[in-house]
Amino acid sequence: MAPSKVLNAQNKQTGINVTAGRKRITTRSQNSVLNNALKPPVVGKDPRIKRKAEASPPKEKTTKRSALGNITNAIGKSLATHQTQEPKKPVKKTTTTEIKPFTQTSSVRTLEKAVTKPEVVPQKPKPVPRVKPVKKDDEKAEIPSKIVNVRRSLDLEKSDDSSLYVSALEDVGDDCSKKSRRSNIQSEETEKTEKEIVVCELQVPAKSEEKSTVAQLDAAPNRILPEGVQWDFDAENWLDPFQVSHYAMDIFNYLKDRERLFPIGDYMGKQVCLSRWMRALLVDWMVEVQESFELNHETLYLAVKLVDLYLTKVTVGKETLQLLGAASLFIASKYDERIPPMVEDFLYICDGAYTQRELIRMEMSVLKVVDFDLGIPLSYRFLRRYARCAKVSMPTLTLARYILEYSLMDYATIMFSDSKMAAAALLLALQMKDLGGWTPTLEYYSGYKVDDIRDIVNILNQGLHRKHKEVLTTVRNKYSHKIFFEVAKLPLKDSLDI
């Protein structure tokens with residue numbers, strides 16, 4: 001450090017040479033540095049010296065360290081430190097020579113030695129009032145006795161005694177407590193058995209009543225069926241939750257009543273720019289979209305219904321007809337699909353003819369016309385119900401589906417109700433398969449007689465005989481596949497026996 005101003009002033013007054021003093025100071029510091037360099041370095045005093053690695057730990061503490069910090073290493077270290085600190089206090093331990101014979105006399109002596117130690121004696125009188133309560137219940141007295149035994153064993157584990165003494169003391173304490181409480185336990189057991197008998201007697205009738213009520217609810221109802229009905233389909237599947245046999249009849253009767261809320265008239269006279277051929281072409285394209293996107297059949301039927309309902313109230317130009325079909329499919333897929341396609345998918349399927357804004361505006365317009373009521377009864381749902389109740393085979397049901405889907409392109413069938421269309425398609429499939437006519441079972445579950453659907457069956461049969469152009473071949477090619485049992489290749493009936 002540089003000398004202060006006061007020292008400089010004193011040196012000037014006294015006349016002492018400052019340079020000489022500085023030289024003298026520097027020589028002493030140099031000598032001290034040389035002496036320190038010659039002396040061995042003092043460990044831990046100079047902070048500038050790099051800290052060396054500590055000595056390797058003893059063999060008892062050596063543990064491998066894992067890359068992610070194993071938790072067991074930390075536990076091992078804590079146990080190791082605990083073991084190294086405790087044995088320093090007690091030095092004297094019982095050797096094997098003191099416990100040579102494991103006889104009764106030797107065990108008693110060792111027990112006496114363990115009991116007479118000063119560390120255990122002050123802990124004995126503590127649990128005494130807890131072990132023998134007089135005024136409290138017996139159940140409350142058992143809990144502190146167990147706690148006393150646990151505390152006693154833990155205290156002995158902390159002491160210098162071996163595990164042999166600990167186990168012996170625990171056995172002795174348990175024997176003493178068992179002998180003192182044997183009469184109390186017997187009385188408790190008798191009281192408990194009496195209580196359990198009473199509770200069981202009270203609970204048995206309650207359980208039996210619950211079982212009887214559950215059995216009554218699960219039991220199928222005994223309905224009086226009309227003559228000729230072969231079976232009660234809902235009663236047979238009463239316990240199947242997927243069939244919803246409790247409400248199936250009411251559900252489809254309700255759907256029948258809702259059909260009058262969605263009437264479709266002869267709207268083609270109002271549509272100046274459209275024709276029946278253009279509508280059939282649009283439905284054929286919608287079937288192709290349903291097949292390419294792997295949509296449900298209910299989505300296709302609902303979309304066609306939305307198109308017809310919209311055209312009955314709004315006049316549409318030729319250039320917006322495909323936009324109406326795409327918007328109807330978009331609405332139906334969002335209503336019935338688990339994962340509906342995106343807006344971009346429908347814009348892509350239209351070959352970029354429309355923008356996203358135009359598609360969304362058409363979607364809003366369709367929903368306003370329908371009044372946001374999309375619970376429209378569909379012929380596809382009625383057909384599934386009728387085929388299940390009549391226990392029709394899968395090829396016959398697929399043929400009826402082909403007839404029903406092929407009729408979507410036929411403008412002459414838009415004015416019929418969906419429930420009648422489903423019944424007529426099933427009857428025509430039975431006629432084409434030579435499986436008979438309209439049975440009383442189908443009449444009971446559908447609610448229609450042959451006279452109610454005879455005209456519709458003839459129209460459907462004529463539609464199958466009609467040869468469309470090569471453009472309208474999507475439905476026929478679809479049901480000509482092996483997956484659909486190639487039902488489109490079956491021979492047609494010229495005359496029907498109905």
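Residues take their numbers from the sequence shown, with the count starting at 1.
Here the straight-line distance linking atom CD of Q290 with atom OG of S333 works out to 11.5 Å at 0.5 Å rounding. With rounding to the nearest 0.5 angstrom, the CG atom of L427 is 8.0 Å from the CG atom of L496. Residue Q431 holds its CD atom at 9.0 Å from OG of S495, rounded to the nearest 0.5 Å. Considering CG of L323 and CD of E358, their distance stands at 6.5 Å, rounded to 0.5 Å. Interatomic distance, S328 OG to L300 CG, rounded to the nearest 0.5 Å: 11.0 Å. To the nearest 0.5 Å, atom CZ of residue R388 and atom CG of residue L383 are 11.0 Å apart.
No side-chain heavy atom of L282 sits less than 4.5 Å from a side-chain heavy atom of L324. In this structure, Y402 and T398 have side chains that are not in contact, with every pair of non-hydrogen atoms separated by 4.5 Å or more. C350 places a side-chain heavy atom less than 4.5 Å from the side chain of W285. M249 has its side chain within reach of Y444: a pair of non-hydrogen atoms, C-beta onward, lies under 4.5 Å apart. Within the 4.5 Å cutoff, the side chain of V307 has heavy atoms near those of the M286 side chain. The shortest side-chain heavy-atom distance between L309 and V366 does not fall under the 4.5 Å cut-off. With a 4.5 Å cut-off on side-chain heavy atoms, R384 and E298 count as touching. You'll find the side chain of K334 reaches within 4.5 Å of the side chain of E363, heavy atoms only.
Using modelled atom types, no side-chain atom of D336 and backbone atom of A332 make a donor-acceptor pair closer than 3.5 Å. A donor-acceptor contact shorter than 3.5 Å is absent between the side chain of W438 and the backbone of I498. Under the 3.5 Å distance criterion, the side-chain polar atoms of Q271 are matched with a main-chain donor or acceptor of L311. Here the side chain of S446 pairs no donor or acceptor atom with the backbone of A423 at under 3.5 angstrom. N461 places a side-chain N or O within donor-acceptor distance of the main-chain N or O of K493, the cut-off being under 3.5 Å. The backbone N or O of A353 lies less than 3.5 Å from no partner atom in the side chain of D351, so there is not a single donor-acceptor pair. Remark: side-chain polar atoms of S407 are not paired, donor with acceptor, to backbone N or O of L460 under 3.5 angstrom. With hydrogens and angles disregarded, no donor-acceptor distance shorter than 3.5 Å links the side chain of Q356 to the backbone of E344. A distance-only check finds no donor-acceptor pair linking the side chain of S365 to the backbone of R361 [under 3.5 Å]. Y411 places a side-chain N or O within donor-acceptor distance of the main-chain N or O of M268, the cut-off being under 3.5 Å.
Classification of D308 and R279 as a salt-bridged pair holds, one side-chain N sitting under 4.0 Å from a carboxylate O. Salt-bridge formation is not detected for the pair K305/D373: no Lys NZ or Arg NE/NH1/NH2 atom is positioned less than 4.0 Å from an Asp or Glu carboxylate oxygen. Salt-bridge annotation for K449 and D452: absent, with no side-chain N of the basic residue lying under 4.0 Å from a carboxylate O of the acidic one. Note on K420 versus E259: no salt bridge recorded, every NZ/NE/NH1/NH2 to OD/OE distance being 4.0 Å or above.
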From CA spacing to verdict: side-chain contact (heavy atoms from CB on, under 4.5 Å), D410, I459: CA-CA 9 Å; D410 193 357; I459 292 173; 4.2 Å; yes

Evaluate L426 against L404 for side-chain contact (heavy atoms from CB on, under 4.5 Å), listing each step before the verdict. CA-CA 9 Å; L426 183 57; L404 197 60; over 6 Å; no

Could you walk me through whether D234 and Q243 satisfy the side-chain contact (heavy atoms from CB on, under 4.5 Å) test, starting with their C-alpha distance in whole Å, then the side-chain angles of each, then the deciding distance to 0.1 Å, before giving a yes or no? CA-CA 8 Å; D234 294 328; Q243 299 287 342; over 6 Å; no

Check the pair M432, I403 against side-chain contact (heavy atoms from CB on, under 4.5 Å), reporting the backbone distance first and the verdict last. CA-CA 11 Å; M432 292 174 65; I403 297 168; 3.9 Å; yes

Could you give me the CA-CA distance, side-chain angles and deciding distance for Y386 and F233, then say whether ring-ring contact (aromatic ring centres under 6.0 Å, His included) is met? CA-CA 11 Å; Y386 300 158; F233 180 77; over 10 Å; no

Please evaluate residues Y254 and Y247 with respect to the criterion ring-ring contact (aromatic ring centres under 6.0 Å, His included), reporting the C-alpha separation (whole Å), side-chain torsions for both, the decisive distance (0.1 Å), and the verdict. CA-CA 10 Å; Y254 170 71; Y247 315 105; over 10 Å; no

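For CD of E294, the number of neighbouring non-hydrogen atoms (other residues, nucleotides, ligands) closer than 6.0 Å is 12 at most. R223 CZ: more than 12 foreign heavy atoms inside a 6.0 Å radius. Environment of CG in D257: crowded, with over 12 heavy atoms of neighbouring residues, nucleotides or ligands closer than 6.0 Å. More than 12 heavy atoms of other residues, nucleotides or ligands sit less than 6.0 Å from atom NZ of K391. No more than 12 heavy-atom neighbours from other residues, nucleotides or ligands sit within 6.0 angstrom of CG on N222. No more than 12 heavy-atom neighbours from other residues, nucleotides or ligands sit within 6.0 angstrom of CE on M364. Atom CZ of R454 has more than 12 heavy atoms from other residues, nucleotides or ligands within 6.0 Å.
There is a side-chain donor-acceptor pair under 3.5 Å between T299 and E337. In this model, no donor atom of one side chain and acceptor atom of the other lie less than 3.5 Å apart for T474 and E291. No donor-acceptor contact under 3.5 angstrom links the side chains of Y301 and S379, judged on distance only.
Ring pair Y267/Y310: centre-to-centre distance not below 6.0 Å. Between F382 and F252, a ring centre-to-centre spacing shorter than 6.0 Å is recorded.
Paired with F330 under the rule ring pair (Phe, Tyr, Trp, His ring centres under 6.0 Å), one option of Y354, F293, F346 passes, and it is F346. Checking each of R401, R476, K478 against Y406 for a side-chain hydrogen bond (donor to acceptor under 3.5 Å, both in side chains) leaves exactly one that passes, namely R476.
Nearest heavy-atom pair, S417 versus Y448, reported as atom, atom and distance to 0.1 Å: OG-OH, 4.3 Å. When all heavy atoms of L255 and P377 are compared, the pair lying nearest together is O-CG, 3.3 Å. Between G375 and Y335 the shortest heavy-atom distance is CA-OH, 3.7 Å. Closest approach of P221 to A235, counting heavy atoms only: O-CB, 4.3 Å. In plain terms, the two heavy atoms of L442 and A390 that are nearest each other are CD2-CB, 3.3 Å. Minimum heavy-atom separation, R385 to A248: NH1-CB, 3.5 Å.
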